[in-house]
Colleague: 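What follows is a structure written as structure tokens; I'll ask about it next.
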Amino acid sequence: MRTLSTLTHLECSICNEKHDPNIIQTICQFCGRALVARYDLEKAKNTFTREKISTRVTSMWRYEELMPVIDTANIISLGEGMTQLLPVPNLGKKVGAVDLWVKDEGSNPTGTFKARGISAALSKAIELNIKEIGMPTAGNAGSATAAYAARAGINAHVAMPSDTPIAMMDEVRTYGGTLKLIDGLISDAGAWIAEQSEQKGWFPMATLKEPYRVEGKKTMGFELWEQFDGELPDAILYPTGGGTGLIGMWKAYNELESLGLIGKERPRMIVVQAEGCAPIVKAFNEGSLRAEPWENATTLAPGIRVPAAFADDLILQAVRESNGDAITVNDHEITNAISEITQSEGIDVCPEGAATFAALRKLITGKRLNKDSKIVLFNTGTGLKHPELRAIL
Ligand SMILES: Cc1ncc(COP(=O)(O)O)c(C=O)c1O
Ligand SMILES: [Zn+2]
């Protein structure tokens, strides 16, 4: 059966050249930058309404007009998305924020928001008849890839740094993926996957070098809009590695505006990175359009230990257009924030999610963010994958 997808083509985010979505694509054939999916938004207008969507499946696939899969049989879903948006007044009081929320992505399949991007990318890969995929990861995307590949009945080859938390390695193996440990960072894992994919014919699914992961991640933006009854928050704090979620939500809001469902207002998009790995924050502070790779990246939050984001320019563009901000926190602030959040609100946060609260405190104290704003912190995953941190709390 056909989905309601109105996918028309892929477009280069930089040179705007069109690419055919009915064949396998990676990056722009002309300039080598990220491709993004485009839809027939006039057609989507007929059925993409809050009322209609509210009656649909409780997963991210409820936004099907603006998702890339054409045949329902190809959707590989484990029920990703439609995560809780929780008010956190106890936490808010600690920093004077009166309208504070946590979008808790820890309840996704495999425990992180990575499930969204992988469900979208893998489903489209199945639609394009791909049988074997390669995934470089900081950890969580590898877990999700192995799980969704198992469900799809295809092979997943995952490469991650050898000092990634053990839970993520175990997950890949348990779901039946093949795991390669790399002495280095996600960028080194990326180089290994690119080389192996070339030699062995795997389809490489690195962040934004594959066009559809961002389509899954953008559903976080749709969900906030739906869960806030058609309104958007004033600010979104996002722990930023490759930036897929931030770029995705920004895309979602541009699509909603084109559909006439929101106006011109946007949340301030706020990048949170670790002091030991902050290429985007540095570029933002220096007023640069691109970010330089970060040397000797180090932080206990593996998901944001990303020394070079492929779509750095798109992240910086969204932050600037939204009148956003970019800020760092150190590891000590992150572990403190884990205790504060878990013990005041009962939400089991991952270190990346905790970083957003540490950042909030600095932004409010520094008068960079108004404490009366409606603010959303992204907890991108469950704390359960981090027994190594529990020992030091
Ligand atoms: C828990 C967690 N938070 C945040 C990130 C960063 O996400 P993004 O690539 O969308 O910036 C990752 C990426 O690995 C992650 O695993
Ligand atoms: Zn291009």
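Residue numbers start at 1 and run along the sequence shown. Being a predicted model, the structure only gives us computed values, none of them experimental. Indexing begins at 1, ligand by ligand and atom by atom, following the structure's order.
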Colleague: If we ignore hydrogens and angles and just use 3.5 Å, is the side chain of Arg368 paired with the main-chain N or O of Ala326 as donor and acceptor?
Modeller: yes
Colleague: Could you pull out every N or O of ligand 1 that sits under 3.5 Å from a protein N or O, with the distance for each pair?
Modeller:
unit_1, atom_1, unit_2, atom_2, d
ligand 1, 3 (N), Thr380, OG1, 2.7
ligand 1, 9 (O), Gly242, N, 3.1
ligand 1, 9 (O), Gly243, N, 3.4
ligand 1, 9 (O), Thr244, OG1, 3.4
ligand 1, 10 (O), Lys217, NZ, 3.1
ligand 1, 10 (O), Tyr238, OH, 2.5
ligand 1, 10 (O), Thr244, N, 3.1
ligand 1, 10 (O), Thr244, OG1, 3.4
ligand 1, 10 (O), Gly245, N, 3.2
ligand 1, 11 (O), Gly241, N, 2.7
ligand 1, 11 (O), Gly242, N, 3.2
ligand 1, 11 (O), Gly243, N, 2.6
ligand 1, 14 (O), Lys114, NZ, 3.2
ligand 1, 16 (O), Asn140, ND2, 2.8

Colleague: Salt-bridged, Asp163 to Arg305, with N to O below 4.0 Å?
Modeller: yes
Colleague: For the pair Trp202 and His157, name the ring-plane relationship: parallel under 30°, tilted 30 to 60°, perpendicular over 60°.
Modeller: parallel
Colleague: Would Glu65 and Lys45 pass as an ion pair if we require N to O under 4.0 Å?
Modeller: no
Colleague: Can you tell me which residue among Asn379, Leu389, Thr382 is in a side-chain contact (heavy atoms from CB on, under 4.5 Å) with Cys350?
Modeller: Asn379
Colleague: Just to the nearest 10 degrees, tell me the angle at the Zn ion (ligand 2) spanned by Cys31 SG and Cys28 SG.
Modeller: 110°
Colleague: Using distance alone, with no hydrogens and no angle criterion, decide if Tyr63 and Glu223 have a side-chain donor and acceptor under 3.5 Å apart.
Modeller: no
